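Reading through the structure tokens given below for one structure.
Just so we're clear, the structure is a prediction, and the values are computed from it rather than from any experiment. Hydrogens, waters and symmetry mates are skipped; everything else that's a heavy atom, side chains included, is used.
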Amino acid sequence: MPFTWVRKPEDAQTTCATRRRPTSMLVVFLTYLSMISLLFLFEGTRVKYSGADLFTCFNILLVIQTLIPAAVVTGAIALGFELADLNRPFFQRVFDDLDSGTAMHVLLLTAMFLLVLHLSYYLMTRFLLSTKQKKSKVSWVVSMDMWLAIVAIGLFSNFVLLQLLGGGVDGYISLIQLRAGSDTIVRSFLTANLYSLTQAFSIISVVGIVYFLRKKSTVGLLFAIVLMLFFALMTVSRRAIFIDVLLVYFVLVIESGNFYVWKRLVPITMVALPVVMFGKQFLASIAFNSDVDVSEVGVGEIVRAFMDIGITNVESWATLMYMHEPFRFGVDHLLSVARRVPDGLLSMNIQFPERIVRHSTEVFSGPGEADIPPGLFGQMWLDWGYFGPVIWGVLFGMQLGILQHIFGSIIKSWGVTTAFVILLFVIALPLNSGSFDFTFSIDIFVLIFFLALIVRVSPARSAEPRSQVASVDNRL
């Protein structure tokens, strides 16, 4: 049966102030702040002697994408801000309707997920260490020659994409319209797949940034930065450039053991907020000749930016408020895989049920809108109810434990750290939506293929320190 938005009976309708219960929402806000503080304190203690690792980076992602945005939104409600200028109908609807009960429900799911995630990661790493026989005698290196070849393919691919859409500036305007789903642009098989690959090239450009940072080559670093900016712009996404910058930051955190909170993380955030606030309007002004109003920046713009960053929370709140369906027991994730293998890769044209993302979109905004997934915690609830955070936490903990075990058992270089950070990003993709549709997509398949081409195994010199293991001119 189709998903429906079940309204409360008329006699159960209450005023916004009564429904929200500002005191309860204040408790939710303060709890989120406490969770952020406790997570940083715990993580700082955990890595004090061993150094930051991939799990550290995953925790940072969780804080950025879930805890901080949830704290900002619930804090705005607790402080009595009744915002009517979010300029996003879906965001406005959720902000207006969010009650303390729903906020507490998602908070509980979040806390359960974090607890099970950390416990399962600890158990998995302990188990793998107990079965470990001896240290690996091979080291992994990254071939920069292969990276340059992939970059060249990326430049050619993007040139073809722009030419198919009109070439030059006109081609980029058409690309923005294509990304926005405009009816004026015909979406062909070729343009759709070439556009999908833009994110893969954008992320793989991070390897060059790290390489030239390590080499301390100013000219090379400028070259890599220009490449990264170009590929990021070709994604027509506000998130692309900051994903790349965040991946570079993660490499620095792991390799140096320094979190660079004030030196790098805070400046990145300060630059990211205006782009998130007005980036979409700016792109729309290019493609559709609309106006960009940056004359006033108030609470509404700040809240909207954090709702964008933590959209998985917004979607989760919406799921718990508007979607009332029997548990789905993980079938949507199996369908995400099946649509790619065997249906997508083998062109079997299997008639699968409608995607959960289209169901949630219809409920949240309408059938003609772009995809709005159920969100991370919303999908957990749809899958298994209160068992959802437990199952998701175990699965994420196991994946991260295995990835960190492999990473910790090899002789590393900065380039190999970059490759593992990219793999961490792939594992973390469902955090943003609760859906595996983006994990099992053509750009991620190609990205992993690129990594397989770039990363090479070479004889290790296990007695040498890490600084000497990083190889010659064309390797990292």
Side-chain angles (χ1 to χ4, degrees), residues 39-40 42-67 113-129 131-132 135-136 138-142 203-204 206-207 209-210 213-214 242-261 264-265 268 376 392-432 439 444 447-448 450-452 454-455 466 469-470 476:
L39 190 57
F40 273 116
F42 172 80
E43 192 61 26
T45 304
R46 188 182 70 86
V47 303
K48 185 176 182 179
Y49 300 108
S50 61
D53 53 23
L54 296 171
F55 192 56
T56 305
C57 298
F58 187 82
N59 279 314
I60 294 174
L61 270 178
L62 272 175
V63 170
I64 293 174
Q65 288 195 283
T66 61
L67 300 184
F113 173 69
L114 286 173
L115 287 172
V116 175
L117 170 71
H118 282 78
L119 179 60
S120 60
Y121 174 80
Y122 173 79
L123 294 176
M124 175 57 69
T125 52
R126 296 285 78 78
F127 170 75
L128 292 173
L129 283 174
T131 59
K132 185 178 177 180
K135 186 176 179 64
S136 173
V138 297
S139 65
W140 296 4
V141 295
V142 171
I203 293 173
I204 211 68
V206 169
V207 174
I209 298 288
V210 174
L213 273 174
R214 179 65 170 162
F242 296 108
I243 288 174
D244 296 344
V245 172
L246 199 60
L247 294 180
V248 174
Y249 167 73
F250 286 161
V251 174
L252 295 176
V253 167
I254 293 174
E255 287 293 324
S256 67
N258 192 326
F259 286 91
Y260 300 105
V261 174
R264 289 192 172 92
L265 191 57
I268 289 172
L376 176 65
W392 279 70
V394 168
L395 292 176
F396 268 115
M398 291 176 61
Q399 291 179 81
L400 294 168
I402 293 170
L403 187 69
Q404 178 59 41
H405 177 74
I406 297 172
F407 180 62
S409 64
I410 62 175
I411 300 174
K412 297 177 287 293
S413 69
W414 282 59
V416 172
T417 301
T418 308
F420 273 85
V421 165
I422 292 174
L423 290 176
L424 173 71
F425 164 77
V426 174
I427 291 176
L429 274 174
L431 293 182
N432 192 53
T439 304
I444 299 302
L447 176 63
I448 293 175
F450 286 163
L451 287 179
I454 290 175
V455 176
R466 177 184 295 186
V469 174
L476 180 59

Distance, nearest 0.5 Å, that separates CE of Met124 from CD of Gln404 = 13.0 Å

Is there a side-chain contact between Leu424 and Leu400 (heavy atoms, below 4.5 Å)?
-> yes

Measure the shortest side-chain to side-chain distance between Leu117 and Val394 over non-hydrogen atoms and say whether it is less than 4.5 angstrom.
-> no

Show your reasoning for whether side chain to side chain donor-acceptor pair (under 3.5 Å) applies to Asp53 and Thr56.
-> CA-CA 5 Å; Asp53 53 23; Thr56 305; 3.0 Å; yes

Does Phe55 reach the side chain of His118, with side-chain heavy atoms less than 4.5 Å apart?
-> yes

What distance do Leu61 atom CG and Phe250 atom CZ have between them, rounded to the nearest 0.5 Å?
-> 4.0 Å

Are any of the side-chain heavy atoms of Trp414 and Leu213 separated by less than 4.5 Å?
-> no

Does the side chain of Cys57 reach to within under 4.5 Å of the side chain of Phe425, using non-hydrogen atoms?
-> no

Are Ile203 and Asp244 side-chain neighbours, meaning at least one heavy-atom pair lies under 4.5 Å?
-> yes

Leu431 side chain reached by Leu62 side chain, heavy atoms, under 4.5 Å = yes

Under 3.5 Å: donor-acceptor pair, side chain of Ser120, backbone of Gly393 = yes

Take the angle between the ring planes of Phe396 and Phe113 and call it parallel below 30°, perpendicular above 60°, tilted in between.
-> perpendicular

Smallest separation among heavy atoms of Ala52 and Val253, with atom names | CB-CG1, 3.6 Å

